[in-house]
A.B. asks: 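Dropping a structure here in structure tokens format, bear with me for questions.
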Amino acid sequence: MTANLKRGASTENDKKPKKAKQNIGSDSESELSDVPDEPQQPPQVEQVTQVKQESPSNLKHASDVTPKVENTNGLEISSDLVNLKEIENNKVSNDQDLNTSTVSPKKPSKSNKPSDDSDFDEKPKARSSRRSTSAKKEKKENVTDDEKKTPKKTPKNSSQPPNQTPNGDVKDEGDEEDDYKWWAEQGGFGDGTERWSTLEHNGVFFPPEYIPLPKQVKMKYDGKLVELSNEAEEVAGFYAAVLGSDHAADETFNKNFFQDFQSVLRDYPPLDGTKIKDFEKCDFSPIREHLDIEKEKKKAMTKDEKKRTKEQRDEIENPFTHCLLDGRKEKVGNFRIEPPSLFRGRGAHPKKGKLKLRIKPEQITINIGKDAKIPDAPPGTNWGSVQHDNTVTWLATWKENINGAYKYVYLAPGSTLKGQSDMSKFEKSRELKHYIGNVRESYEADLQNKVMFDRQRATAAYLVDRLALRAGNEKGEDEADTVGCCSLRCEHVMLRPPNLVTFDFLGKDSVRFYQEDIKVDPQVFKNLRIFKKEPKGPQDPIFDRIHTTVLNNYFRGFMKGLSAKVFRTYNASITFQEELKQTPNEGTVAEKLLSFNRANRNVAILCNHQKNVSKSHDATMDKMGDRLKALKYQRRKLRQMLAQVADDKKVYKDHPSFKDEESDLEDEWMDAHEENERDKEVERQKKKFERDNEKLRNEDQKEMKPEDLGERLQEVEEKWKTVTKERRAGKPDVGKKNQTQLTTAMQKMEDRLEAFRVNASNKDEVKDVSLGTSKINYIDPRITVAWCKAYEVPVEKVFAKTLLTKFTWAMETSPDWKF
DNA sequence: GCAGGCGACTCAGAAAACTCAAT
DNA sequence: AATTGAGTTTTCTGAGTCGCCTG
């Protein structure tokens with residue numbers, strides 16, 4: 001069983017805790033009066049929490065993780081000035097860019113792949129001029145009569161049609177969308193609710209209709225083949241696909257699946273009259289085998305066939321991959337409608353395994369520009385509705401049948417729209433550094449407030465800030481039982497005097513948050529003790545007076561747009577920047593990357609971003625251990641060679657470590673290693689012999705005789721015998737090598753060994769930490785770009801292609817930029 | 001005035017797809 | 001040179017956050 005260690009087991013408390021009891025106890029002073037009124041604790045400047053992680057490997061960096069950056073108002077001014085200048089400069093150069101690119105003859109298209117010829121390329125397009133903030137515009141209006149939503153707000157104004165460049169030129173190459181440097185323009189978005197002026201697209205891509213299985217492929221019930229209806233067969237196939245996974249071993253998953261399967265069977269009964277009543281008697285393996293065979297077939301296709309299939313697929317998807325937004329061609333993200341399947345809820349989701357239905361065009365609402373052509377729904381169908389709301393960024397939406405949640409089709413992360421949001425997110429969290437001092441001062445003072453409400457709010461704020469907890473909205477009975485700050489329950493927090501707190505709970509995605517004996521502000525400790533006090537039980541909420549809205553309203557009082565999640569971004573970015581500051585600007589790129597990744601890792605730990613340890617991890621580590629020993633073996637040889645020729649003792653004075661013997665290198669292992677190496681060489685010789693003979697045959701020359709091979713092999717045997725003998729005697733043959741050569745070789749070997757060790761331990765340390773999430777969502781990319789420039793590390797080494805696209809807006813950051 | 005839920009967006013790890021190095 | 005398999009990147013879609021509206 002590959003029980004997911006990371007996720008908390010669903011077992012223990014299967015009963016959902018009761019809903020938050022409101023106002024347990026009273027707000028009276030007496031309630032709080034058991035707190036000996038501490039002689040004003042000066043707000044501890046350094047409330048460095050000792051973060052201890054579950055895994056020992058995390059211990060080392062634990063205390064570095066907690067953000068320690070204090071309000072830096074004064075200090076940062078200079079860097080901000082630099083910044084302004086920089087922006088100014090960019091602006092100028094970009095304006096030039098704009099002019100030249102619109103006036104100059106069109107650039108040759110970067111690519112002439114057919115897939116770039118979307119419908120949109122035929123339309124005239126122009127770079128949009130910046131959205132004007134003052135014009136007025138109309139509210140969205142639905143085309144169909146079944147309008148269900150009313151506009152929430154009246155977007156302010158509108159701008160002139162942007163399909164033309166200022167000089168009237170028309171942009172004609174669709175794949176030049178990258179040229180638009182929105183980040184270099186003033187203002188940006190955010191002062192209005194309007195997100196675009198014109199929007200054209202072709203709708204969404206639907207998954208193919210269900211293709212029934214071949215006649216002979218059938219599930220079995222009670223040992224007998226069953227003739228399922230196509231409808232039921234499709235659902236059976238969904239289950240067959242999860243056979244062998246953790247899902248198929250999950251009771252809830254199976255129960256939910258079977259319930260929905262039976263309901264489909266009621267509507268579309270088996271053609272042979274079989275009554276399917278018992279899940280245990282169902283055998284989906286014949287379908288699974290068929291699916292596996294199909295998969296194999298696909299894998300076995302030749303390169304050409306695969307390429308062709310891909311091209312065909314691209315061809316039919318092509319109309320949906322891009323849209324025209326404010327006249328620019330932009331990539332759409334999830335243009336494929338989610339195919340039907342079994343709902344794969346995470347953790348102990350009560351609805352996991354339920355049937356996720358196929359989405360019909362009638363369920364979809366299309367959002368598109370007012371003057372744009374409304375895309376055709378698939379033949380014989382209609383869209384549910386069409387609207388023209390430019391205060392939102394989605395192109396299509398539908399309601400999903402499991403949780404009744406809305407799903408949206410958005411632009412890709414590399415698009416202008418997403419880029420703007422992303423940048424403004426980081427700008428907002430960057431602004432927090434000017435307010436963080438106030439915020440901390442305020443909640444630290446309130447930790448001793450006589451009013452329970454205020455004290456809880458302050459304590460929650462402390463946890464959000466210092467531990468990077470999520471806000472923790474209330475959740476329903478029909479969701480997995482996970483919590484965040486405001487929804488923490490007594491059972492999640494253990495106290496150990498004088499001021500150590502252990503947190504153990506399931507957070508987002510049912511990822512376990514476990515930190516033992518964190519040192520907190522003594523007042524926070526006292527507060528938590530009070531909040532946990534009788535009559536509260538383990539299932540009762542710690543923070544019974546507050547919820548996320550209260551907390552966020554409080555934060556908003558300090559700074560526009562400040563909410564709990566901003567602290568995560570702020571702390572992640574600031575931590576990363578501080579960590580990078582420590583990295584040495586010397587050594588190879590590989591070494592620099594290693595320290596970069598270490599900084600990244602510390603941020604990931606701060607945010608509790610985890611991943612499953614890969615199945616092959618242990619094997620990989622074993623292999624690395626072997627390769628390490630092989631290196632040590634070579635070092636041993638070098639060391640003993642050097643010992644034979646080192647006539648002056650200066651070598652050892654300069655390099656005292658050259659005398660050290662290799663640890664952990666047993667004779668047995670070396671025996672086996674040499675045998676191994678010998679066998680490998682024998683194999684190589686045999687193969688070479690074959691190859692050589694083949695060549696000779698082809699050239700019509702006489703082949704070598706088997707005896708020739710025997711002779712060669714004999715030599716190999718002899719050679720290794722000698723090696724073993726010399727090694728056992730501790731006197732390997734030095735040959736013609738002199739002391740200088742050996743010293744250099746030894747030094748190189750030492751370096752290699754060290755690099756290898758660092759690499760291996762790094763790999764082990766990072767086995768259960770997911771670096772991607774923080775890199776993608778929390779760390780301001782400008783920190784990374786600035787570091788790369790200052791340290792002369794190519795930015796492609798740290799950002800893969802999609803991230804480079806996503807972060808184009810950050811690529812011009814100067815090396816001295818500060819978050 | 002506020003609880004509750006709606007709607008739109010960001011953030012999250014798993015899984016699929018791809019790449020690249022070792023054989 | 002082709003294969004394979006481990007590692008990396010991209011895709012997928014579920015799970016959060018948070019502001020706003022409604023009653």
Side-chain angles (χ1 to χ4, degrees), chain A residues 4 6-7 22 148-153 193 195 241-242 245-247 295 298-299 303 306 310 333-339 341 343-347 349 351-352 356 365 367 389 391-394 397 399-400 402-408 410 412-413 417-418 421-422 425 470-476 479-480 482-487 506-511 547-553 555-556 561-566 568-569 572 604 607-612 614-617 619-620 623 680 683-684 687 763 768 770-774 776-778 799-806:
Chain A
N4 190 338
K6 204 178 66 193
R7 295 231 159 96
Q22 287 306 310
K148 33 174 206 187
K149 296 181 245 172
T150 48
K152 301 180 298 289
K153 48 210 160 188
T193 46
R195 301 300 304 274
V242 304
S245 71
D246 288 351
H247 291 303
K295 216 184 209 169
K298 227 168 140 188
K299 229 174 99 187
K303 232 177 183 171
K306 280 182 192 161
K310 191 171 184 303
N334 54 331
F335 59 86
R336 296 183 193 96
I337 295 295
E338 295 174 17
S341 65
F343 177 69
R344 290 149 129 94
R346 312 237 175 139
H349 198 297
K351 293 185 176 178
K352 57 172 27 179
K356 192 169 100 173
T365 298
N367 191 40
D389 182 358
T391 68
V392 296
T393 64
W394 50 266
T397 184
K399 205 170 182 176
E400 152 267 2
I402 308 280
N403 301 299
Y406 291 96
K407 299 274 189 165
Y408 300 89
Y410 291 112
L417 226 43
K418 290 289 186 190
S421 305
D422 210 31
K425 171 183 78 186
R470 296 187 185 84
N473 282 319
E474 294 255 320
K475 293 190 75 184
E479 297 173 274
T482 65
V483 299
C485 180
C486 294
S487 46
L506 297 186
K508 182 176 178 178
D509 288 311
S510 294
V511 171
H547 44 83
T548 54
T549 311
V550 167
L551 191 59
N552 284 334
N553 286 343
F555 286 143
R556 238 194 334 275
L562 186 59
S563 66
K565 79 193 270 285
V566 180
R568 266 169 86 79
T569 317
C607 297
N608 201 41
H609 292 145
Q610 302 184 20
K611 67 171 189 210
N612 274 330
S614 88
K615 285 187 294 248
S616 59
H617 179 77
T620 308
K623 246 183 226 166
K680 272 196 239 162
E683 276 311 303
R684 276 198 299 272
K687 273 196 184 143
K763 179 164 256 166
D768 55 353
S770 167
L771 302 186
T773 309
S774 50
I776 295 167
N777 300 301
Y778 286 102
F799 288 150
K801 209 165 67 197
T802 46
L803 279 192
L804 285 174
T805 313
K806 170 170 174 167

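So you know, we letter chains A, B, ... as the sequences are listed, proteins then strands, and number each from 1.
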A.B. asks: Could I get the full list of ring pair (Phe, Tyr, Trp, His ring centres under 6.0 Å) partners for A:His547, not counting sequence neighbours?
C.D. replies: none
A.B. asks: What residues form a ring pair (Phe, Tyr, Trp, His ring centres under 6.0 Å) with A:Tyr408, not counting sequence neighbours?
C.D. replies: A:Trp394, A:Tyr410
A.B. asks: If you pin A:Tyr778 and A:Thr393 to their nearest nucleotides in DNA chain B, which one's is more 5'?
C.D. replies: A:Thr393
A.B. asks: For A:Phe335, enumerate each residue passing the ring pair (Phe, Tyr, Trp, His ring centres under 6.0 Å) test, keeping only those at least two apart in sequence or located in another chain.
C.D. replies: none
A.B. asks: What N/O pairs connect the protein and nucleotides 1-3 of chain B at under 3.5 Å? Give each pair on its own line.
C.D. replies:
none

A.B. asks: Could you tell me the separation between the CH2 atom of A:Trp394 and the P atom of B:dT10, rounded to a whole number of Å?
C.D. replies: 15 Å
A.B. asks: For B:dT10, does OP1 or OP2 lie under 4.0 Å from any side-chain N or O of A:Lys418?
C.D. replies: yes
A.B. asks: Check the distance between B:dC9's C1' and A:Tyr410's OH and give it to me in whole angstrom.
C.D. replies: 5 Å
A.B. asks: Does the protein touch nucleotides 12-19 of chain C at the base, only the backbone, or not at all? Give it as B, S and - per nucleotide, heavy atoms under 4.0 Å.
C.D. replies: SSBBSBBS
A.B. asks: For A:Ser616, enumerate each residue passing the side-chain hydrogen bond (donor to acceptor under 3.5 Å, both in side chains) test, keeping only those at least two apart in sequence or located in another chain.
C.D. replies: A:Ser614
A.B. asks: Nearest 0.5 Å, please: how far is CZ in A:Arg195 from CG in A:Asp389?
C.D. replies: 11.5 Å
A.B. asks: What is the distance, to the nearest angstrom, from the CG atom on A:Leu771 to the P atom on C:dG7?
C.D. replies: 15 Å
A.B. asks: Please check if the side chain of A:Arg568 supplies one atom and the backbone of A:Cys607 the other of a donor-acceptor pair under 3.5 Å.
C.D. replies: yes
A.B. asks: How is A:Lys399 classified with respect to the nucleic acid when contacts are heavy atoms under 4.0 Å: base, sugar-phosphate, or nothing?
C.D. replies: nothing
A.B. asks: Rounded to the Å, how far apart are A:Lys299 NZ and B:dA17 C1'?
C.D. replies: 13 Å
A.B. asks: So, is A:Lys801 near the phosphate of C:dT8, with a side-chain N or O under 4.0 Å from OP1 or OP2?
C.D. replies: no
A.B. asks: Excluding sequence neighbours, so at least two apart, what forms side-chain hydrogen bond (donor to acceptor under 3.5 Å, both in side chains) with A:Lys425?
C.D. replies: A:Asp422
A.B. asks: Grab the NE2-P distance between A:His609 and B:dG13 for me, whole Å please.
C.D. replies: 5 Å
A.B. asks: OP1, OP2 of B:dA17 versus side-chain N and O of A:Lys310: anything below 4.0 Å?
C.D. replies: no
A.B. asks: For C:dA6 and A:Thr620 - does any side-chain N or O of the residue sit under 4.0 Å from the phosphate oxygens OP1/OP2?
C.D. replies: no
A.B. asks: Please determine whether a side-chain nitrogen or oxygen atom of A:Thr773 lies at a distance below 4.0 Å from atom OP1 or OP2 of B:dG13.
C.D. replies: yes
A.B. asks: More 5' along DNA chain C: A:Lys623 or A:Leu803, using each one's nearest nucleotide?
C.D. replies: A:Lys623
A.B. asks: Rounding to an integer number of Å, can you tell me how far A:Arg195 CZ sits from B:dC9 C1'?
C.D. replies: 10 Å
A.B. asks: Quick one: is A:Ser421 getting a side-chain N or O under 4.0 Å of the B:dT10 phosphate, OP1 or OP2?
C.D. replies: yes
A.B. asks: Round to a whole Å and report the spacing from CD1 of A:Ile776 to P of C:dT11.
C.D. replies: 11 Å
A.B. asks: Please enumerate all residues that pass side-chain hydrogen bond (donor to acceptor under 3.5 Å, both in side chains) together with A:Arg344, with sequence neighbours excluded.
C.D. replies: none
A.B. asks: Measure the distance from CG on A:Asp246 to P on B:dA14 and round it to the nearest whole Å.
C.D. replies: 10 Å
A.B. asks: Between the side chain of A:Thr397 and the main-chain N/O of A:Lys407, is any donor-acceptor distance below 3.5 Å?
C.D. replies: yes
A.B. asks: Of the nucleotides B:dC18, C:dA6, B:dA14, which one has an atom closest to the side chain of A:Asn612?
C.D. replies: B:dA14
A.B. asks: For A:Asn777, which residues count as a side-chain hydrogen bond (donor to acceptor under 3.5 Å, both in side chains) partner, sequence neighbours excluded?
C.D. replies: none
